[in-house]
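As structure tokens, the structure follows; a few thoughts come after it.
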4 protein chains.
Amino acid sequence: MNQSNNFLILTDQSVINESSTESSKNMSPRTAQQLSQLKQDKRVIIMDAALRLFAEKGFHSTSVAEIAKEAKIAKGLIYSYFDSKETILKTITKEGLDDTFKVFSLFHNTPIQSDEQIKQLIDALINRVLEKKEFYKLYYSMFLHPHVMEAFEAEMAEAAAKFTAPLLAYFVEKGDEDPESTILFIQATLDGLLFNTLFNPHIFRIEKLKPKLWKLLKKEIS
Amino acid sequence: MNQSNNFLILTDQSVINESSTESSKNMSPRTAQQLSQLKQDKRVIIMDAALRLFAEKGFHSTSVAEIAKEAKIAKGLIYSYFDSKETILKTITKEGLDDTFKVFSLFHNTPIQSDEQIKQLIDALINRVLEKKEFYKLYYSMFLHPHVMEAFEAEMAEAAAKFTAPLLAYFVEKGDEDPESTILFIQATLDGLLFNTLFNPHIFRIEKLKPKLWKLLKKEIS
Amino acid sequence: MNQSNNFLILTDQSVINESSTESSKNMSPRTAQQLSQLKQDKRVIIMDAALRLFAEKGFHSTSVAEIAKEAKIAKGLIYSYFDSKETILKTITKEGLDDTFKVFSLFHNTPIQSDEQIKQLIDALINRVLEKKEFYKLYYSMFLHPHVMEAFEAEMAEAAAKFTAPLLAYFVEKGDEDPESTILFIQATLDGLLFNTLFNPHIFRIEKLKPKLWKLLKKEIS
Amino acid sequence: MNQSNNFLILTDQSVINESSTESSKNMSPRTAQQLSQLKQDKRVIIMDAALRLFAEKGFHSTSVAEIAKEAKIAKGLIYSYFDSKETILKTITKEGLDDTFKVFSLFHNTPIQSDEQIKQLIDALINRVLEKKEFYKLYYSMFLHPHVMEAFEAEMAEAAAKFTAPLLAYFVEKGDEDPESTILFIQATLDGLLFNTLFNPHIFRIEKLKPKLWKLLKKEIS
DNA sequence: CATGAATGAGAGTTCATTCAT
DNA sequence: GATGAATGAACTCTCATTCAT
């Protein structure tokens, strides 16, 4: 129902890959490591297959049978790795957000001190989205059905602050009269560019539009 | 898979009202009686109910039973007016697009001759979206799952040109070196603002950001 | 896990047939009464089919598909009348218990004043079980899987007291040194007789053993 | 559907140990070493685990995975010892019945010659049930779903006669007019007491009711 | 011998659609 | 036109059983 995060604000590193260290007992014909590797591989195969289909068709239009087929495994096996179809979605989301967060982490500890750094931050984000198009398709689609996002609301709110704070500090220092609005405007513009990049790729090339984006940033700042 | 329309470029009246012949034959200004009759029209009641639910919960998560309940009619009656649940979606979309197109029509016949006219065009669009939030939520959500849109692709491509052409002409005349990119950038920015307005309403107020949008337009133009 | 009711102690009349008065609106082509009748009929048909199968094969070994087949309806229709397979079981149980309770009600208001009245009470119960063999098969089988019974524990505890109290009063008055044990012994004997009547019908005829039961009662009393 | 055995009448040694040849070939008194070896025996471990779960949750609600977990072995290993989950049940039943039969064997060769001996027989049986509660829970539960028992029907009919014969002879000699009924009544009473002992333990203490049982027996006899 | 990943049939349940009334 | 009971395909999920290791 209510959601209060910017679109591009993501979770932090404290979310750890919980489900990859378990199941390593020591009494099997297959070595524990083999099994753990196997498990990890299948887990990733399933998540990749599911992501591909979720991104293309949407969560509700994708059946577990289709995921299994896409992953070339039996339907039932999926439930050895995930509790439910919804868990697959949540796991993909969590790991995808963790991943994205790393991009921000690079800029996290040292405060932004120049326009160039903002440009780098945004450029890194754009590249990330281009590298992980399917995940970001899913990411944007999740905003349409907020109940799915509720699970992540806390993490995203926390992360939001981490992203907003340094930018805010920079714009405040620059003497921006309404830095909150500036940030929202920049973020919305980015959303629009990325959204078109993802869902309108035929005629939309973000590379060609970057100069306009930089110009916009510079004008906002000065 | 492939789709080649800008987000805010919509169909025009030349799209024939295939599935709406029963109740909305005449597109001319309606008398008060006609309007009240329209409200009574089961077809409209069903579409309104469906739109509310599709926008809130998504197409696949909305059942025909729920639509019937929301419309306060029997489930079976829906099939007297629509062939299928998907037909309801397509009809809503088609009529919604037609409606939006009328906004553009105001600017259609007389070529754009001033920055102020562009501002008016965009302002009219923003107001249209704010007035019909539910439809535009549905509209954006359909871009995420392109296979639903395939039915409209041709119409939208045609309409896209109609929107693009006058803008293009204006920016060309203004001496813009890359008017196509300018248009894409403006349109993407608008998408970002509207997307956030629709799906992030808690912290996003487009009214406060309009000045920044006008400034951006002016700087793009000059 | 814990259960503290005697086997033959049942719920009281205060449990009303909740699910038979609803769904009587007044605007349908089929009259409301027709529909209500229809609903009631199907409900009973489904419950009868389910009871037959639950009694014979057990709850867990009976599939919803089998119930549908036995009831000669489509699988899905069952879910118009019952939320789940477990709800069918619970409804059958509740209505069956209500029904049995009526037997006790006949003896409820006037305190037991003679051995003959106890004999009549028990005879009525035996006849009830013979008339509703399938229900009582189900009833006894439920003791094997206490978690199903948990839902009825409160009602049964309440009813238990209603059954126990008058008997207890009678045995106390008669000067029985340990009336609680007497009641438990009688009840267990009855359980044994009824259990064999239900599940060992080939060689077990309760009619022939009634004289021994009456003799036992008389000797317990005197 | 049809079943023609009394509840407490069990199979004798003539029932061939089909599925237990691997580990329990010799039925003679076991040495301490043999016993300890038996404990190690995976077959026994699996059966014990399965019995515990079947008794508590029922056959159909117990999964092979749960049995494996309870037995602390791998799921697959179960299928080295048993053909199927149903085979586990049948083997448990068969061996449990064999075991119980030994109680009767003590009284088998020397004909019953006094009321005291009947009391001893019944007391031995009660103690057996109290010692092996889980098995007898399973045993009673199997009567409710006769199709599971079909496999044992022949054996049990044969054993029934062996139990019935000496008792019958005794009651005939005592001058009982309807000794078959007497036996059925005693057996049913015992069923009732044991059933309550097993499934209604909270309020039911067979120890306190034994005097009433002995009194009943004495009165039946005299 | 021992493991648990893998399979796939079948379970309970939902829901778009049909149709007798 | 209007109803909602009825259908059955398709869904998510479970689990007995198999088998490569």
Side-chain angles (χ1 to χ4, degrees), chain A residues 23 25-32 34-35 38-39 41-43 60-68 72-88, chain B residues 42 60-69 72-88, chain C residues 23 25-32 34-36 38-39 41-43 60-68 72-88, chain D residues 42 60-69 73-88:
Chain A
S23 82
K25 292 174 184 174
N26 54 349
M27 41 145 153
S28 51
R30 278 197 195 89
T31 67
Q34 274 176 318
L35 277 176
L38 195 64
K39 272 214 159 190
D41 288 354
K42 275 284 156 61
R43 228 182 81 90
H60 284 106
S61 304
T62 302
S63 73
V64 173
E66 283 172 310
I67 297 171
K72 284 169 188 158
I73 57 168
K75 211 175 20 159
L77 187 57
I78 287 177
Y79 291 89
S80 303
Y81 295 92
F82 299 94
D83 286 345
S84 66
K85 190 178 129 181
E86 197 167 4
T87 303
I88 304 178
Chain B
K42 287 277 158 61
H60 281 100
S61 301
T62 301
S63 70
V64 173
E66 284 172 308
I67 297 170
K69 198 176 179 186
K72 287 171 187 155
I73 57 164
K75 220 177 359 166
L77 190 56
I78 288 178
Y79 290 87
S80 303
Y81 294 94
F82 299 94
D83 286 345
S84 67
K85 189 177 133 183
E86 198 166 4
T87 303
I88 304 177
Chain C
S23 83
K25 291 173 183 173
N26 54 348
M27 43 150 150
S28 50
R30 277 197 197 89
T31 68
Q34 273 177 320
L35 277 178
S36 171
L38 195 64
K39 270 216 158 188
D41 289 352
K42 274 286 156 57
R43 226 182 83 91
H60 285 106
S61 302
T62 302
S63 73
V64 173
E66 284 171 309
I67 298 171
K72 286 171 189 155
I73 55 167
K75 208 170 26 152
L77 186 57
I78 287 178
Y79 291 89
S80 303
Y81 294 92
F82 299 94
D83 286 345
S84 67
K85 190 179 132 182
E86 197 167 3
T87 302
I88 304 177
Chain D
K42 288 276 157 63
H60 280 101
S61 301
T62 301
S63 72
V64 173
E66 283 172 308
I67 297 170
K69 199 175 179 185
I73 58 167
K75 220 179 355 168
L77 191 55
I78 287 177
Y79 289 86
S80 303
Y81 294 94
F82 299 94
D83 287 347
S84 68
K85 190 178 133 183
E86 199 167 3
T87 303
I88 304 177

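Hydrogens, waters and symmetry mates are skipped; everything else that's a heavy atom, side chains included, is used. Throughout, protein chains are lettered first and strands after them, A, B, ... in sequence-line order, and every chain is numbered starting at 1. Remember, predicted model here, so these are calculated numbers, not experimental data.
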**Study point:** 5' precedence on DNA chain E between B/Ser61 and C/Ala65 (nearest-nucleotide basis)
**Key:**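 That would be C/Ala65.
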Practice item. For B/Thr62, report the nucleic acid contact type (base, sugar-phosphate, nothing); a contact means any heavy atom under 4.0 Å. Key: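 Result for B/Thr62 = sugar-phosphate.
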Exercise for review: Have a look at A/Ile78 and say if it touches a base, only the backbone sugar-phosphate, or nothing, with a 4.0 Å heavy-atom cut-off.
Suggested key: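 The residue A/Ile78 makes no contact with any strand.
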Check your understanding: Toward the 5' end of DNA chain F, which comes first, B/Ala74 or A/Ser84, by nearest nucleotide?
Key ->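 First, find each residue's nearest nucleotide; the 5'-ward one identifies B/Ala74.
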Check your understanding: More 5' along DNA chain F: A/Asp83 or D/Gly76, using each one's nearest nucleotide?
Key ->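 By nearest-heavy-atom nucleotide position, the 5'-most residue is A/Asp83.
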**Study point:** From E/dA16, F/dC13, F/dA2, nucleotide with atom closest to B/Leu77 side chain
**Key:**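 Closest nucleotide to the B/Leu77 side chain: F/dA2.
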Practice item. With the side chain of A/Lys85 defined as its heavy atoms from C-beta on, choose the nearest nucleotide among F/dT12, F/dA2, F/dT17. Key: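 The nucleotide sitting nearest to the side chain is F/dT12.
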Could you tell me the separation between the [atom1] atom of [X] and the [atom2] atom of [Y], rounded to the nearest 0.5 Å?
X: A/His60; Y: A/Lys85; atom1: NE2; atom2: NZ; value: 6.5 Å
X: D/Lys42; Y: D/Tyr81; atom1: NZ; atom2: OH; value: 5.5 Å
X: B/Thr62; Y: B/Ile88; atom1: OG1; atom2: CD1; value: 10.0 Å
X: C/Ser80; Y: C/Ile73; atom1: OG; atom2: CD1; value: 8.5 Å

Check your understanding: With both distances kept under 3.5 Å, what pairs with F/dT18, Watson-Crick or G-U wobble?
Key ->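 Paired with F/dT18, as far as the under-3.5 Å criterion goes, is E/dA5.
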Review point. Does E/dA11 have a Watson-Crick or wobble mate here (both distances under 3.5 Å), and if so which one?
Key: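 Partner of E/dA11: F/dT12.
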Nearest whole angstrom, please: distance from the [atom2] of [N] to the [atom1] of [X].
X: A/Ile73; N: F/dC19; atom1: CD1; atom2: C1'; value: 17 Å
X: C/Tyr81; N: F/dG4; atom1: OH; atom2: P; value: 13 Å
X: B/His60; N: F/dA10; atom1: NE2; atom2: C1'; value: 13 Å
X: B/Glu86; N: E/dC15; atom1: CD; atom2: P; value: 17 Å
X: A/Phe82; N: F/dT14; atom1: CZ; atom2: P; value: 15 Å
X: A/Lys72; N: E/dT7; atom1: NZ; atom2: C1'; value: 18 Å
X: B/Ile67; N: E/dT14; atom1: CD1; atom2: P; value: 18 Å

Exercise for review: State whether D/Lys42 places a side-chain N or O below 4.0 Å from either non-bridging phosphate oxygen (OP1 or OP2) of E/dC1.
Suggested key: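 So the side chain of D/Lys42 is outside the cut-off, no N or O lying under 4.0 Å from OP1 or OP2 of E/dC1.
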Point to revise | N/O (side chain, A/Tyr79) to phosphate O (OP1/OP2, F/dT14) under 4.0 Å | key: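 Negative; the distance criterion is not met.
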Practice item. Tell whether B/Lys75 reaches the base of E/dT17 with its side chain through a donor-acceptor pair below 3.5 angstrom. Key: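 In this structure, the two groups form a donor-acceptor pair.
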